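Below, all heavy atoms of this structure are taken into account, side chains as well, without hydrogens, waters or symmetry copies. All figures in this text were calculated on a predicted structure; none of them were measured in a lab. This chain uses plain numbering: 1 for the first residue, then up along the sequence.
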Amino acid sequence: MKTLSLALLLCAACAPAAADELADAQKLWDNKEFARAFQGFNALAGAGNSAAQL
């Protein structure tokens, strides 16, 4: 049970960081900095972020 609680806590802690990185990549895209945006989206997609994969 402790392992499950720790896993859930770690997932919850990582979610806001991924959301910020996704927002940063989207801002780059909106500013037409496509190469840098692609790098951000690609890193997030490789880590399993479904929004970045889209």
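Scanning for side chain to side chain donor-acceptor pair (under 3.5 Å) contacts around Glu33 gives Arg36, with sequence neighbours left out. Evaluation of the ring pair (Phe, Tyr, Trp, His ring centres under 6.0 Å) rule for Phe34 yields Trp29 as partners, not counting sequence neighbours. Remark: Ala45 engages Ala52, Gln53 in a side-chain contact (heavy atoms from CB on, under 4.5 Å) (not counting sequence neighbours). Residues satisfying the side-chain contact (heavy atoms from CB on, under 4.5 Å) criterion with Ala51, sequence neighbours excluded, are Leu22, Asn49. Applying the side chain to side chain donor-acceptor pair (under 3.5 Å) test to Asp30 and every residue at least two apart in sequence or in another chain returns Gln26.
Contact record, Ala25 with Ala37: O-CB, 3.6 Å, taken as the closest heavy-atom pair.
Residues in residues 37-54 take part in no salt bridge (Lys or Arg N to Asp or Glu O under 4.0 Å) pair, two or more places apart or across chains.
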